[in-house]
Amino acid sequence: MTELIKTPRTGETLPVKAGKRTNPLANVFDELVRFAQSRSLFMLHYCTGCGAIELPPSMTSRFDMERLGIQPMVSPRQADILLVTGYVSVKTLKRIILTYEQMGSPKYVIGICSCTVNGGMYWQSYATAKKLNDYMPVDIYIAGCMPRPEAVIAGLRELMENIRQGKADSWKDYYRHYDHYLGHQQRLFGETWQTPTDVIAEARHYGLFGPDTLGTHTALLEQHQRPLEALEMKVDIPELMARR
Amino acid sequence: MIELILMPLAAFVIGLAMVLMMRRIGARLQRRVGPPLLQPLWDIIKLHGKETQTSHGLIHELGIVMAIGGFVAAVTLMPLPGMNGLAEQGGLIALVYMMMIPSLGLALGVGQCANPNGSIGISRALTAMLAYDIPMVIVVFGVAFFYGSTSLVQIIDAQQAGGFATWGIAEMPLLAFAGLFAMQAMLGKQPFEIYVAPAEIATGPMVEMGGKFLGGLFIMQCFQLYAAGALYTLLFLGGGENWLTFLIKVFAVVAIPMSIAFLFPRYRTEDVVRLVWKWPAMIGLLGIAFLMY
Amino acid sequence: MISDLAVPNLFVAQAGQLVLPVVLPLLAAFLMQPLARVSTALARGLGPLVLILCAWITAQLWIQLGDAPFTLAIGGFAPPLGILFYADGIALLFALAVPVFALLFWPGSESGGGAGADSRPGSDQADRDQAARRDALVLLLVAATTGLALSGDLFNLYVFYELAAVASFGLVALSGTGRAQVATFRYLMISAFGSVLALAGIAILYMQTGTLNLGQLAQLAPETLNNPIGSAAFALMLIGFGVKAELFPVNTWVPEVYAGAPARVSALLAGLVSKLAVLVIVRLLVLIFPQPEAAQMLLVLGVLGVLTGEFAAWRAKDFPRMLAFSSIGQLGIVFVAFSIGGEIGLLAGLAVALHHLIVKSALFGLAVRWNGSLEALAGAARTSPLGAALFVLFALSLVGVPPLPGFWAKLTVIVGLAERGTPLDITALMSILLVTAVEASYLFRVAIRLYQDNPDPVARHARRDLGVSALLGAVLVAATLGLRPVADVLGAGAAQLGDRAGYIETVFPSHVAGKD
Amino acid sequence: MTSLDHLVLVSALTLALMLLFGRMRIAGRLAVVLYAVQFLLLMQTGALLGEPVASSLTLSVLDLQMHWRYDALSWFFAMITIGAGFFCAWYAAGVWQERYREEGHSPRLFHVALAANVLTMLILLGSGDLLSLFIGWELVSWASFLLMAVGGGPAGRAALRYLVYAFSGGMAILAGLMLIYTQTGSLDYARVLSLLGELSDGQVWLLLLLIGGGFAVKMGLLPFHLWQAAAYAETPGPGSSFLGAISARMGLYALIMLLVAMLGIGRLTAMEVPFTFLSARDLIAWIAALTVIIPTYIALQQHDARYLLAWHGIGQGGYMLLGLMVGNAVGSAGGLFHVFTYGITQAALLMAVFAVVHRTGTADLNKLGGLVARMPLTFLVLLFGIISLAGLPPMAGFVSKWMVYRSLVAEGMPLLFVAAVVGTLGTILSVYKLIHNIFLGQLRIEHEQVREAPLSMLLPMLGLSTLIFLVGVTPGPALSWVAAVQASLGLPPVPYTLGGIEDPRGGLDMLWLVGILMAGFGVGALIFFGLGGRSKRVHQLDNYAGGHFLTADVRYQYSDNFYAGLMHLIGPWYRGAFLWLEKALTATVAFLSAVMNGFYRYAQPALFVLATAVALLALTTA
């Protein structure tokens, strides 16, 4: 297990706080929710590389993740954890970002294998993204080539502990420093890079807007962004409209 | 009136326990430990506690409301020990059709997700419904005909009149078997879970469901398991003389398909239809033939 | 007889006018050619003038003499010997219809269905000659058919029949195209065949009874003709006169001729001439051959005609041919109706026949412009909305849609058949119902086609053809509205037509009454 | 002048006014008012509960008396007819009519056709004897033909097919009437009724075959169902709604007259089908059941919304006849009630579909999708409609279907019950496909700017939807009409309450059911909106595609061959046997026609010459 490598950012890093509310009842409620969140984790294993081979043993009878409340899930909408298991090529990264953005928060990213940490044996490759946390906030890295199921479970348990304590909120970081992550993405994918999810609008909608959500990169994005607004239901009766 | 609140509540709690039982049975059959006691509850709380969720529009949301609400309404039509709810006003046929409302709601909600995986899932689920509802209605017909009533209260009274000998399963063993078979398909458990098919259509109807949407479906699943078990108990096992026997019967009934489920891979859609139209339907018809002649 | 009733002179003179509708057109026809040399305008005006005169005379007679039948002995020779004209309601009705329809479908300048915008053909003189010949032939036809309606004597009937045949040959061949000539030849051959048979039949009758006066034949028939020989004679005459009446096996000329002849001539032949031939057969049937074999023969041939005609029409590719086949079918129904006998049968037959007279003539009137293939009619409703609407009206009536007259006519036939109810009748009933469905199918296939979108529809109808059709359509609608009186009139006519004793008494007023 | 005369006169006046003023813009609204007046006049006749109302007009032709009168049954059907005319005219009165004109059609012709349909149906429903019944029947057939054919193009072909079927049916009826006439010497109901008992079983079978078959054509009963879908679907919008709602029910009306009023269920039950254990009643019930199943599953295969609904229309007719053939109080009431509930349902459904066609120009289910965002009210109408059509609570259709099921259970008819349910399940499948492919899924780029249906079309749709819901919640008032009809037919009347059916062995109370359903929805909403966190609506392309980036130009929608798995199994069962039969019949006619044609073409003149010569020889030797 390695420390999360923080890359230099343009803005201030928000300190990680366990948000406590003053109302004791609300506090209990928050505790309950956080506990439930820590005890029920649905993972989406994005099997990009060899690390995936270690996941079935950790899920099945020998190690049985389900006793921790961890289950595999299929679509990003349902999942809490994005497991990136192995080297990430540029093409794959696009999909990983798309998938990450489609997940519902709170969401956690776990990088498995050395390749996600620093490129591992592919560090010389022109086609591989080296550091996953340049492109999205990573909660836990589980290093190793490949990490054994014990290591995977240990990593998951640490994540669970973080969640229970309310420390695992790096997903908020993505909204608050979206410009930073987008900058990295744009450098890799080119200026016209765009995902279907409107992160900025989401940040506004959920009150996650931070000082670094917008910046030069988002300005670039807005130049060639195709519309992403939802198709709102419209009761557009011509006669009534005309009268109005 | 208080019954009408208690019945769905009881159904939900029993349903939660059934979900746990299902997962535990699965785990034990695979030599795992399985989830902890309150895992179903944690899942539901977690899902409702999601902070960002994607909705695809009003119908997507209303679909979930209908899915939950339909079952909340439907379970009040099934008498519990000491509680008749609306069983007098509805009756068996109304119950069967009430239980289609959640499916319809879900289908609408999934439809608006604009995801073809979901639509394919619904298409398969509806096809499966077409398959299992036929033995189901044969069973329903047989029971209603045998007891001369479509009122569940009267059906239960008739069954409880003479102990085990007058239970539906003793009087109509063939129909009881067909009903069990149909229930397996109705619950969408293996080998009849093609419409979920996680690996190929990404859990079908659930593909775009996250957060409270999925949470709603988890709640619906609790009700669904309960409804299936309770319906079977009411039709064939004499309903509940008291809460204890009722719970034993209901759990026992649901445990059967659960245990079978984890032993099978799955059938393709057309094979589901072929199988269900062939065996349980034929056995059910045979059962009715015995009843009538 | 009228003179015996000591009616005023004036009246006798008027009854004598009965001969005029036959004689006047005949004279005019012979005068036509010389007159055309003198003055074209006069020649052109002569035909219509004569026809109007005939119609007027007949109408006068009918109105003034009322419904009672009367006879006219030509030259004053008493019935069994002399030539006799017999006029009852039906005869007068047809005698009136002949000039009226001839007038309506007077060939005129547009015969042959040429486009209205056609320039006059090159040679004026030849054209004028042709026009005169044509007019003369029509007048001849009128004279002959009027004679058929009125004649009370079998030999005269035969003569008029032959005259009509000759006139129609000429008319059919008039357009001079190869197709028309081939059709005419075919017509000629079959007609000749029919004439021979009819003549043979007449000969047998004469051998058996020694007379050709219908009244006298009617008197003698029960004793002398109610036997196989009589039936054979009827069969021969049925086939013979059936040629013009489009009776089943001898009607093979019909489609070719109607498709080849000018549409107005077809209208006359299909509408009018065929009905007069039917009238002759009915007279024979009622007066001379009351035996069931005769009626059965008629029934069987009628059913065969119905089946063949309507089924054949289903596949017809062009408009006149379709109408021709339909006409065969309709006449089949007429025969079936008359074969029922009794008042209801005669009523049914008359109703169907008159209905067909109106409808089919009108449809052929439309065919003046719509003379091509059915395919070409697509979209015709756009250029000729009234024409299309009229077609729909006539088609509705033809298949028998209540409350149009066609329905009541058909219903009467069907009720008549059902009432008699022998297996043969039921078969006929079923056949009629069956082919009615077929008929609806092909007629409305055309109707739908008329209303299709088509960038290049056929040309418009000439105002005159449309006017004639519209007039007949109006008659049809009027008959629908005044169903009651029309039914009463027809009922009375049918009663008269079927009144054998009455016929005999009219022809031989005094002594027959005592004898019978 | 009786009140019935007033009704028919106003109806005729409607027709006349439409003929005169149909070209004007006001015509549509005028028609609406006139239909409303007709409705009021119908209410005033009091034929439902009181004595039958006779018309002062009588005719006699060929010694056959014709007269007209209204009883409860006529009233019931007339009520639906005029109501359908009213709503459809309303739908047509505004924007639809203008568009229709712009497309080069004649609104006058349409209004005339609609008015003619209503008038002729009123005449048919009033028939007081068999001859007037037949005349009314023919008039209705031709009026329907007119309405079907006004669309032109494919509508014309469909109308022609209808015509052949309907006219053949009409001729069969005429033949049957002649049979009755020869046997009883009269066509008057009362007299025929008293003498029908003396007919032998064979004659009654023949009657059933001829008259019943003829009436069945209009209703689209098997095997005469082929014409209906295309004919109804291709008719212009409101016309299609009208035909779908009521036109085919004229066949049911006539069948009720024949089977229930004249012959009686008892007689049918007593008649055995030779060599089987079925009675005539069972046979007809099975025909009805097959009529439910086969057209419903043909509907499942359609990919044109109009055709899909039209095929369902045929199937739903089967339920009505099935209920009537069960014959007990609840069953026959269910069958009759289904006429009403289905009528309002189908009218609303077709209106919704044609509103979509009005806006998007297509009814092809593979070319639509996602329109709920643009036409939400139309969606609502369609939703109410499909719930009712599929027979799910809480809509009107559920009540009538429940009654049919209940009666089948009570009478112990398991196979028919299963057949009815199979039909319902097929209906659920195909109506979901309908609503999914039109309104759910992805919105196509070309439909982004689509607007809601115009108000003039929306209001009648919403009105009908409200009716569907209200009748579903409180079926009592409508059931009281049904009970009156049953009483007039001599059937046991249904024990109804405000909320449903009273039955000690299992009744139905929709008030409670709908109440608890609404409460359940409330609970669901509470859980979902109250306990769940915030959510954000996202664009339809923000969607799971296995990591693929979706673009608007690529369709991400599942619509074609919607039930692929099912079709894999039952696809080969669609043999087109009836189509084959129809083709065989057509081929037979074509063959006969060719033969007859051949006779006229090849009968050589030379033959006649030869025959003449022979005849002459024979004569001379004789």
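Being a predicted model, the structure only gives us computed values, none of them experimental. We name chains A, B, ... by the order of the sequence lines, and we start the count at 1 in each one.
- With a 4.5 Å cut-off on non-hydrogen atoms, B/Thr76 touches chain D through its side chain but not through its backbone.
- When each of B/Ile122, B/Leu104, B/Asp271 is checked for heavy-atom pairs under 4.5 Å with chain D, B/Ile122 comes out on top.
- Contacts between D/Phe439 and chain B at a heavy-atom distance below 4.5 Å are absent for every atom of the residue.
- Using modelled atom types, one side-chain atom of B/Gln53 and one backbone atom of B/Lys212 make a donor-acceptor pair closer than 3.5 Å.
- Within the 4.5 angstrom heavy-atom criterion, only side-chain atoms of D/Ile570, from C-beta onward, approach chain B.
- Using a 4.5 Å cut-off between heavy atoms, D/Leu511 does not touch chain B at all.
- For a residue to count as touching a neighbouring chain, one of its non-hydrogen atoms must lie under 4.5 Å from one of that chain's; by this rule D/Tyr405 touches chain B with backbone and side chain alike.
- Looking at every heavy atom in both residues, D/Gln442 comes nearest to B/Ala114 through CG-CB, 3.4 Å.
- With chain B as partner, the option from D/Met413, D/Glu411, D/Lys401 having the largest number of non-hydrogen pairs under 4.5 angstrom is D/Met413.
- Using modelled atom types, one side-chain atom of B/Asn115 and one backbone atom of D/Tyr544 make a donor-acceptor pair closer than 3.5 Å.
- Only the side chain of D/Phe417 has a heavy atom closer than 4.5 Å to any heavy atom of chain B.
- The contact between D/Val538 and chain B is made by backbone and side chain atoms together, counting heavy-atom distances below 4.5 Å.
- To the nearest 0.5 Å, atom CG of residue D/Leu508 and atom CG of residue D/Leu513 are 5.5 Å apart.
- Interface remark: B/Met66 contributes backbone and side-chain atoms alike to the contact with chain D (heavy atom separation under 4.5 Å).
- The contact between B/Gln112 and chain D is made by backbone and side chain atoms together, counting heavy-atom distances below 4.5 Å.
- Within the 4.5 angstrom heavy-atom criterion, atoms from both the backbone and the side chain of B/Ile120 approach chain D.
- In this structure, the portions of B/Leu130 lying under 4.5 Å from any heavy atom of chain D include both its backbone and its side chain.
- In this model, a donor atom of one side chain and an acceptor atom of the other lie less than 3.5 Å apart for D/Glu452 and D/Thr378.
- In terms of modelled atom types and a separation under 3.5 Å, the side chain of B/Ser123 and the main chain of D/Phe562 share a donor-acceptor contact.
- For chain D, the nearby part of B/Leu4 is the side chain; its heavy atoms alone come within less than 4.5 Å.
- With a 4.5 Å cut-off on non-hydrogen atoms, B/Arg124 does not touch chain D at all.
- Most heavy-atom pairs under 4.5 Å with chain D, from the set B/Gly216, B/Ser103, B/Ala144, B/Ala94: that is B/Ala94.
- Between D/Leu425 and B/Met100, some side-chain heavy-atom pair lies under the 4.5 Å cut-off.
- Only the side chain of B/Leu285 comes within contact range of chain D, judged by heavy atoms closer than 4.5 Å.
- With chain B as partner, the option from D/Leu429, D/Leu408, D/Val523 having the largest number of non-hydrogen pairs under 4.5 angstrom is D/Leu429.
- Chosen from D/Lys433, D/Lys536, D/Met567, D/Arg555, the residue pairing most often with chain B at heavy-atom distances under 4.5 Å is D/Lys536.
- The candidate with the highest count of non-hydrogen atom pairs below 4.5 Å against chain D, out of B/Met292, B/Glu61, B/Arg268, B/Met98, is B/Glu61.
- Shown here for D/Ala289 and D/Ala419, the closest heavy-atom pair between the two residues is CB-CB, 3.9 Å.
- Looking at D/His539, its side chain does come within 3.5 Å of a backbone N or O of D/Leu541 through a donor-acceptor pair.
- At least one side-chain heavy atom of B/Leu58 sits less than 4.5 Å from a side-chain heavy atom of D/Arg537.
- Note on ring orientation: taking the six-membered ring where Trp is involved, the planes of B/Phe141 and B/Phe145 are parallel (angle under 30°, cut-offs 30° and 60°).
- If you measure heavy-atom distances from B/Phe213 to chain D, the contacts under 4.5 Å come from both the backbone and the side chain.
- If you tally non-hydrogen atom pairs under 4.5 Å between each of B/Glu51, B/Met129, B/Lys50 and chain D, the highest count goes to B/Met129.
- The contact between D/Ile387 and chain B is made entirely by side chain atoms (from C-beta outward), counting heavy-atom distances below 4.5 Å.
- Across B/Thr52, B/Ile59, B/Thr269, the residue that shares the most heavy-atom pairs under 4.5 angstrom with chain D is B/Ile59.
- For a residue to count as touching a neighbouring chain, one of its non-hydrogen atoms must lie under 4.5 Å from one of that chain's; by this rule D/Leu415 touches chain B with the side chain only.
- There is no side-chain donor-acceptor pair under 3.5 Å between D/His436 and D/Ser559.
- Panel note: side chain D/Tyr319, backbone D/Thr424; a donor-acceptor pair is recorded below 3.5 Å.
- The contact between B/Asn117 and chain D is made entirely by side chain atoms (from C-beta outward), counting heavy-atom distances below 4.5 Å.
- The candidate from D/Gly500, D/Gly391, D/Ala545, D/Pro414 with the greatest count of non-hydrogen atom pairs under 4.5 Å with chain B is D/Pro414.
- Your options are B/Ser151, B/Gly142, B/Pro116, B/Ala73, and the one with the most heavy-atom pairs under 4.5 Å with chain D is B/Pro116.
- In this structure, D/Thr427 contributes its side chain and D/Ala390 its backbone to no donor-acceptor pair below 3.5 Å.
- The heavy-atom pair separating D/Gly472 from D/Val399 by the smallest distance is O-CG2, 3.9 Å.
- Side-chain contact between D/Leu368 and D/Leu371: present, with at least one pair of heavy atoms (C-beta onward) separated by less than 4.5 Å.
- In this structure, the portions of D/Ala525 lying under 4.5 Å from any heavy atom of chain B include both its backbone and its side chain.
- Side-chain contact between D/Trp512 and B/Leu86 is present, with at least one heavy-atom pair separated by less than 4.5 Å.
- Of the atoms belonging to B/Leu108, heavy atoms from both backbone and side chain fall under 4.5 Å from chain D.
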